[in-house]
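Quick note on labels: first sequence line is chain A, next is B, and so on, each numbered from 1.
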Amino acid sequence: MEQAGHTFRKQERICGKKDIERLLQEGRYGHASCLRYCFLPENGASCNRILVSVPKKYFKRAVRRNLLKRRIRESYRLRKTMLQGGHGIDLLLIYNTKELLGYSEISRAMETVLTEVTDRVSKMEVQDGQ
RNA sequence: CAGGAGGGACGAAUCUGCCGCGCUGCGGUCCAACGCCCAUAAAGCGCUGGAUUUCAGUGAGGAAAGUCCGGACAGGACAGGGCACCCUGCUGCGGAAAGCGCAGAUGGGAGUGAUUUCAUCCUGCCGUAACAGAAAACAACCGCCUGCAACCGUCCCUGCCCUCGGGCAGAACGGAUACAGGUAAGGGUGAAAAUGCGGGGUAAGAGCCCACGGCGUCCGCCAGCGAUGGCGGGCGGGUACGGCAGGCAGGGCCUGCAAGACCAAGUAUACUGGCAGAUGAGGGCUGCCCGCCCGAUGCCAGGGGGUAGGUUGCGUAGAUAAAUGGCAGACCGGUGCCUUCGGGCUCCGGAACAGAAACCGGCUUACGGUUCCUCCUUUCAU
RNA sequence: GGCUCCAUAGCUCAACUGAAUAGAGCAUCUGACUACGGAUCAGAAGGUUGGGGGUUUGAAUCCCUCUGGAGUCA
């Protein structure tokens with residue numbers, strides 16, 4: 001489904017225990033600077049979905065965790081057209097630094113994550129085709 | 001002016017624009033199921049649910065936090081009563097209640113002070129260790145004093161002997177020892193040593209006695225709603241702190257919105273052990289007892305299987321992976337550089353503590369700042 | 001979100017009813033033994049009892065509060 005604007009609705013988030021467990025068990029992992037990611041194509045939904053996580057281990061206070069999750073979601077919202085193919089990709093993003101980074105650095109990390117994921121998804125599709 | 005004490009109010013506290021998010025509402029579009037019309041049709045209409053969208057409204061805090069109390073609500077249980085158990089304990093008022101608030105009382109601590117902090121019903125018992133100290137709450141010990149017995153010394157007195165120098169015995173005084181008693185004034189310690197000072201008194205002493213204090217208790221009067229305080233009088237030998245037990249008064253069933261209700265989906269009570277029986281097994285009533293209730297194949301313990309989705313509970317913020325962010329500009333404050341002193345450029349900041357997950361009243365803890373009121377101390381001026 | 005519990009030497013645990021030098025084992029260090037090492041023997045070091053207040057003459061212990069870490073629920 002092609003969304004015209006840079007919107008970010010609830011259907012683009014992963015809800016439900018089954019989907020999360022499937023992603024964690026069958027997904028492929030990787031990392032780029034401050035972000036770890038885990039993705040899985042062909043999620044059965046009509047669009048790409050993401051899940052953002054900031055560990056309590058790094059940030060004890062809920063205010064900082066919420067702030068980082070908002071920045072990550074915002075950077076995905078503005079760049080989500082880069083992620084294509086794969087018939088709907090589930091993507092888990094985990095913040096992996098103890099430092100409280102600003103929006104610009106998170107946005108740069110998000111750019112590299114999205115390009116890596118699209119590359120790996122297209123390679124997987126080529127292997128499946130063979 | 002400076003420093004400080006108490007209390008209150010506010011807390012994205014600069015503004016604008018764009019993009020984006022949760023919820024609600026009136027609409028639009030699309031999809032699905034059902035109903036009406038109807039030919040088991042299409043189209044249309046109605047209703048329900050979902051998605052999307054224009055517009056409008058609304059969208060975290062004083063602590064939302066910690067989960068320390070209490071309430072309401074929900075479920076389980078409950079005829080009722082007694083015992084046990086737990087919590088609290090000065091007084092008055094407020095409050096649904098509270099390890100709650102306000103105002104006060106008494107005593108102790110901190111502070112020059114404003115102020116602050118801790119404790120508080122009744123009775124009994126026990127303890128205040130080790131070390132130190134005589135002794136840790138009864139007393140004993142050292143010391144002081146008296147009496148008595150024997151010993152030593154001295155002068156005076158008496159008696160005897162006498163070589164008239166003196167000797168012996170008794171009594172008195174003094175010394176040391178032992179025994180019997182009186183004392184709790186003094187005894188370096190210690191956190192703490194059972195009433196201070198003065199006088200009398202005594203063998204030595206002692207509330208033993210007296211005056212002034214201090215403490216406890218009783219009575220009377222006065223003040224106060226009361227805790228209590230003041231004054232006067234009587235009596236007293238005690239007290240302080242801590243622990244335990246009992247009593248009195250008040251309160252308390254247990255579990256908690258992951259409570260609970262409904263819908264959908266889905267499975268197997270497989271197996272093992274124990275117990276018992278209509279003469280009442282067994283279970284429930286928080287533990288026990290009385291008592292009551294249910295009551296026929298049941299119960300207990302272990303072990304195994306399935307689902308962990310939706311609606312509601314749930315709120316004019318409100319979900320069920322959790323909504324407030326990003327960018328740009330203006331403005332304000334600060335730093336640095338340049339300057340033709342008009343200004344220009346760069347950087348930083350515009351906040352701290354911190355994010356509702358069922359609700360309400362308190363407590364506690366964290367916190368940048370703004371502001372108001374009352375008061376204290378020091379200095380200066382008047 | 002609710003409820004329950006824990007924190008002591010580098011590690012695993014003790015310390016009764018508050019009572020004075022907080023104890024034991026392993027680990028570490030030093031010395032002896034040995035040609036060297038291990039084992040053994042002797043000795044030493046190592047503690048703001050998670051932090052801060054309070055009660056008390058005295059707190060690991062009792063009370064309050066904060067921090068950190070576990071467990072559990074339908």
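For the pair Y76(A) OH and rG20(B) P, the computed distance is 16 Å after rounding to whole Å. Taking atom CZ of R70(A) as the reference point, atom P of rA322(B) lies 12 Å away to the nearest angstrom. Distance, R73(A) CZ to rU324(B) C1': 10 Å, rounded to whole Å. Counting to the nearest Å, the P atom of rA60(B) and the CZ atom of R65(A) are 21 Å from each other. Atom CZ in R64(A) sits about 14 Å away from atom C1' in rA65(B), given to the nearest Å. In this structure, I72(A) places its CD1 atom 16 Å from C1' of rC21(B), rounding to the nearest Å.
With both pairing distances under 3.5 Å, rG31(C) is matched to rC41(C) as a Watson-Crick or G-U wobble pair. Checking rG10(C) for Watson-Crick or G-U wobble geometry (two distances, each under 3.5 Å) identifies rC26(C) as its partner. Under the Watson-Crick or G-U wobble criterion, with both distances below 3.5 Å, rC248(B) is paired with rG89(B). In this entry rU364(B) has rA65(B) as its Watson-Crick or G-U wobble partner, both defining distances falling under 3.5 Å. Using the Watson-Crick or G-U wobble rule with both distances under 3.5 Å, rA227(B) pairs with nothing in any strand shown. Under the Watson-Crick or G-U wobble criterion, with both distances below 3.5 Å, rU370(B) is paired with rA9(B).
Judged by atom type and distance alone, E74(A) does not reach the base of rG326(B) through any side-chain donor-acceptor pair under 3.5 Å.
Comparing rG355(B), rA321(B), rA322(B) by their nearest atom to the side chain of L51(A) picks out rA321(B).
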